Each structure stands twice: as C-alpha cells, then as structure tokens.
Amino acid sequence: MSEELNPHLRLLLGPGPSPVHPRILKAMSTHVVGHLDPDFLAVMDDCQGMLRALFNTENQVTFPVSGTGSAAMEASVCNIIEPGDKAIVCVNGVFGGRMSDVASRYGADVVTVEAPWGQPIDPQDVKAALDANPDAVMVGVVHAETSTGVLQPMEEIGAMCREHGALLLLDCVTSLGGVPVELDKWGVEVAYSGTQKCLACPPGVAPITFSERALGKVRERKSKVTSWYFDVSMVEKYWGNERVYHHTGPITMNYAIREALRIIFDEGLEARFARHALASKALQAGVEAFGMSMFAQEGARTPTLNTVALREGMDDGAVRKSLLNDFNIEIGGGLGAVAGKIWRIGMMGHGATQANVVYLLSALEVIFSKLGYITKAGDGVGAASQVYADAAS
Ligand SMILES: *Cc1c(COP(=O)(O)O)cnc(C)c1O
C-alpha cells in the first residue's frame, strides 16, 4: 500500500493555484448531501447570487461550471460558436492563444487581433477587425493575461461590439476577486473565471455568466451545441428554476466556492482590491530595489500576477528551485517566448498579503546573496516595507 498523503506545505505565489483560505478547507470537510437536496439547492442559490454581485451583472444565468477555468472557457465558446461562425479573438499571450484554439476546434473561422506580449490590445485594432469582419459573432478578450501580467482596459471594447452586433466574451480567470470586474457596465455578454486564482479556492469549479443577448444566440442555433456537458440550455435546467438532474454537481467544490464568495463579501470588494494593489506595489518596489524591472507595460499591469524580467546572467532554474526547496515558495516561470526570461509572481486572493511579500523578498535576498546577484541584503524588504509604511500613514 502507498503511504499516507503528505504533500509539502507550500506558499503558492505562482500563477495559480493560490493559497487556499482555511475557512474554505473547513467548508470542504463538511459532509456531502445529494445534488438535489434542499440544503444543496440553497448552496446553489447562494453561489449564484454572490457571483452576480462579484461579476457586477444582472445576468440570471450565472453559476459555477463543473470544471476548471479552461472548462469554463470551453463552455463559453462552444455555446456561442456554430461551425462556420466568424470569431475575433484578441491574442497577447498564452490564454488568448488558447481561446483562439478552443474557438477553432468548435468550428469557428478565427480572426486574431494581436499585441506584443507584455502590452494590452489596442481597442482601435479591435474596431478595425470588426469593420473588416462585420459578420463576426463574437470578440474574445482576456482581462488579465496570466502569461504576461497585462490587465486589459475594458472601457471601450463593449460598445464597439454592440455596434457591430458581436458578443463580447471575457476571460476573467485571473481578475475576478482581485481587481474590479464590471460586466454589465463594460457590455460583456459572456464571461468566465476560475476558483484557483483570486478566489483563494482549490481548482474544480469555475464561475460563468451569460447575458440575455448571448442566450438569444444560443437559442437561435441551427445546430446543437457540440458539447453535451457544457450545453448551457441543458445545464441551465439544473442551475435555473427547474432544478432537474443534468450531471451530478460537485458538491464539495460548491461548498468551497460558496465559502470563498462569503469571505470576499466579508472583506468587502474595495478593501480586497486595495489589498491586492498594495501587495503588488510593495512587491514591485522590492524587485526594483534588486535592479530588476517589471515585464508588463506600465499602466497596464494586473496586481494579481506580477511579471518580473530577469537580469542578464540570472539563473531562472536555480532561483526557483531554491525558493521551492529551501523556502517552500512556489513562483512561476515564463511561458513560451519568455521562458527563462521572466518570473510570474501571483498576488492572488488569500496570498496577497504583506507577510507573503516580505517573506518572498527575504528569501530572494538570501538566494541572490548566495548567487552574487546582490551585494547587500535588505534593500528589497526595505523598499516593500516603505510602501506599506507610506500606505499606513
Ligand atoms: C489559469 C487560466 C486559465 C485556465 O484555468 P485552469 O483553471 O488552469 O483550467 C484560463 N485563462 C486564464 C487567463 C488563466 O489565468
């Protein structure tokens, strides 16, 4: 027989999963009831109500999909896209690329709007793509691109999509719960997120929401949704008023997201967003004190995922291995074209704290001193401490 499970207690400061709040672990140890038990139906109602408030939407059809963020990406796209539909997808990193791949697998004729990694998409480029492709049925955008640390400004794109009759679909996986998400104000028609980034919850279910206009597109389909599992017209019969069996809801994960949402509203959205912003600012001050710079363009950075450009001659693998083995800290490396060139440091959910910023910077100072990257320890922690001191005064 295998031994009892005993994974390391890591501090998860990478691109996700993020540290799980202890209240959520406790909720997950609660006993399981049936997926149509009145107690569970109340859990479903709670989750839906709080998700609407967090997404800032009136959308009736708002619920946690059974699956991770990628499942919700697939559930969003597969309902909207019919084979042969034209889809505009904005790509400035890995997750925009994934959305484009998903759309093409469901038969979309995909047109991409691109920006260099580390920069946001220019809304004028979206407008040009819509003008050139008036038959496009959707525009896909990633709000916080986890591969680059860019936060996409969302004020303009929604109105452009409305004007052209295209549905705006937004990936909020690394933004929801960490920065403001205002779906109805921005004119977003379909959006999804995940639990393992800024909701401080393990991976397993993923918030999703469809507007009435988006559901109209689903109702007008000439062909059935290619995915049985994610067909919102069927899943909706379980999550909506009918409450009839579709698939067995992952009971424990719904306890988890319910508790995650309760924690968020206990803290308050403004306080929560301020906490994320401050942790990111302090972290940035610390890494800049090491003579390093941020990768994502200034003014377009998400506080939830901080990308740091390595200095010439720094050994990516050696630093991350020491962080993990000597300090039990996980941070992320770069993906694709920036592999070995950047680090991705998550300040997400329960992880976005002063204590974690200081601990990470201290650990980096020990490692950097050993590797000869800095001559004197204390500058990084000092700079971060100053940010917190200034914020408190
Ligand atoms: C993590 C992530 C996903 C995928 O979520 P999984 O939970 O890994 O399936 C999608 N989009 C973005 C922006 C992400 O950061």
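In listed order, ligands and their atoms are each counted from 1. A quick note: this is a predicted structure, and the numbers were derived from the prediction, not measured.
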Original post:
More than 12 heavy atoms of other residues, nucleotides or ligands under 6.0 Å from NZ of K217: is that the case?
Top reply: yes

Subject >> Any N/O pair T68/ligand 1 closer than 3.5 Å >> reply: yes

Original post:
With a cut-off of 4.0 Å, which atoms of ligand 1 are near a heavy atom of T146?
Top reply: 12 (C), 13 (C), 14 (C), 15 (O)

Subject >> Atoms of ligand 1 close to A144 [distance to a heavy atom under 4.0 angstrom, numbered from 1] >> reply: 13 (C)

Subject >> Heavy atom of the protein closest to atom 11 (N) of ligand 1 (residue, atom name, distance) >> reply: D171 OD2, 2.7 Å

Original post:
Would you call R98 a ligand 1 contact, heavy-atom distance under 4.0 Å?
Top reply: yes

Subject >> Within-cut-off N or O pair, F95 and ligand 1, under 3.5 Å >> reply: no

Original post:
Taking the minimum heavy-atom distance to atom 1 (C) of ligand 1, which of Q196, K197, M348, R344 ranks first?
Top reply: K197

Original post:
Centre of F368's six-membered ring, under 6.0 Å away, within 45 degrees of the axis: is that where NZ or CZ of K376 sits?
Top reply: no

Original post:
Which of parallel (below 30°), tilted (30 to 60°) and perpendicular (above 60°) describes W228 and H246?
Top reply: parallel

Subject >> Location of contacts on A71 toward ligand 1, heavy atoms closer than 4.0 Å >> reply: neither

Subject >> ligand 1-proximal atoms of E145, by part, heavy-atom distance under 4.0 Å >> reply: neither

**OP:** Could you check R275, R262, R23 and say which one makes a salt bridge (charged side-chain N to carboxylate O under 4.0 Å, His left out) with E267?
**Re:** R275

Original post:
Can you list the atoms of ligand 1 that are under 4.0 Å from a heavy atom of S70?
Top reply: 4 (C), 5 (O), 6 (P), 9 (O)

**OP:** Describe, in one word, how the ring planes of H350 and H21 are oriented to each other, choosing from parallel (under 30°), tilted (30 to 60°) and perpendicular (over 60°).
**Re:** tilted

Original post:
Any chance CG of N325 has more than 12 other-residue heavy atoms, nucleotides or ligands included, within less than 6.0 Å?
Top reply: yes

Original post:
In terms of side-chain geometry, is the basic nitrogen of R243 or D45 positioned less than 4.0 Å from the acidic oxygen of its partner?
Top reply: yes

